[in-house]
Amino acid sequence: MNLTVKPINEKDAGLQLAAIDEEAADEIGLSAGEPTRLVNEGSDTFGRVCFGYPDHNGTGIVRIDDHLRDEIDASIDDQI
């Protein structure tokens with residue numbers, strides 16, 4: 001499943017979180033707190049799943065900080 005990259009809230013930056021749309025997380029079988037592999041064009045890293053912000057349910061958004069984006073060479077609005 002592809003998710004659209006958005007920035008994470010500043011208070012969550014640096015925590016290795018991947019705030020995933022809860023409906024998308026359910027669809028791919030992810031639970032809060034478990035590690036998930038983030039992949040973009042051959043680069044990958046891991047983030048810890050937390051559910052996204054309630055207003056993003058059903059949008060296919062994953063919010064990650066700039067460190068995780070750099071690790072997978074992804075920019076805001078990229079599909080990963």
Side-chain angles (χ1 to χ4, degrees):
M1 166 181 282
N2 289 329
L3 299 171
T4 302
V5 174
K6 297 291 183 184
I8 201 160
N9 281 346
E10 191 173 316
K11 68 177 181 69
D12 295 326
L15 299 177
Q16 300 279 330
L17 295 176
I20 299 175
D21 158 13
E22 191 169 357
E23 288 180 24
D26 286 343
E27 186 175 322
I28 53 181
L30 295 174
S31 298
E34 71 180 336
T36 188
R37 185 171 169 222
L38 305 168
V39 179
N40 183 44
E41 298 178 10
S43 297
D44 68 340
T45 192
F46 286 87
R48 189 167 35 97
V49 173
C50 70
F51 292 128
Y53 309 111
D55 59 332
H56 290 137
N57 264 351
T59 61
I61 288 175
V62 58
R63 291 185 174 274
I64 55 177
D65 66 19
D66 57 345
H67 178 73
L68 291 176
R69 289 193 307 270
D70 287 347
E71 285 188 24
I72 59 172
D73 195 28
S75 298
I76 303 301
D77 294 327
D78 281 355
Q79 295 282 309
I80 64 168

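In this chain, numbering begins with 1 at the start of the sequence shown.
We find the OG-CG distance between Ser75 and Asp66 to be 11.5 Å, quoted to the nearest 0.5 Å. Here the CG-CD distance, from Asn57 to Glu23, works out to 5.0 Å after rounding to the nearest 0.5 Å. For the atom pair CE (Met1) and CD1 (Ile80), the distance works out to 12.5 Å, reported to the nearest 0.5 Å. Distance CG/Leu3 to CD1/Ile28: 6.0 Å, rounded to 0.5 Å.
In the hydrophobic clustering of ILVMFWY residues, with side-chain heavy atoms under 4.5 Å counting as a link, Phe51 and Leu30 come out apart. Linking Ile, Leu, Val, Met, Phe, Trp and Tyr whenever their side-chain heavy atoms come within less than 4.5 Å puts Leu38 and Val49 in one cluster.
In this structure, the side chain of Arg69 does not engage the main chain of Ile76 through any donor-acceptor pair within 3.5 Å. Asp65 contributes a side-chain N or O that, together with a main-chain N or O of Gly14, makes up a donor-acceptor pair within less than 3.5 Å. A donor-acceptor pair under 3.5 Å is absent between the side-chain atoms of Asn9 and the main chain of Lys11, judged by distance alone. For Asp21 (side chain) and Gly60 (main-chain N/O), a donor-acceptor pair under 3.5 Å exists by modelled atom type.
Paired with Ile64 under the rule side-chain contact (heavy atoms from CB on, under 4.5 Å), one option of Ile72, Ile8, Asp12 passes, and it is Ile72.
Between Phe46 and Leu68, the closest heavy-atom pair is O-CD2, 3.7 Å.
A heavy-atom distance below 4.5 Å is found between the side chains of His56 and Arg63.
Counting only residues at least two apart or in different chains, side chain to side chain donor-acceptor pair (under 3.5 Å) contacts with residues 28-50 comprise Arg37-Asp44, Thr45-Glu71.
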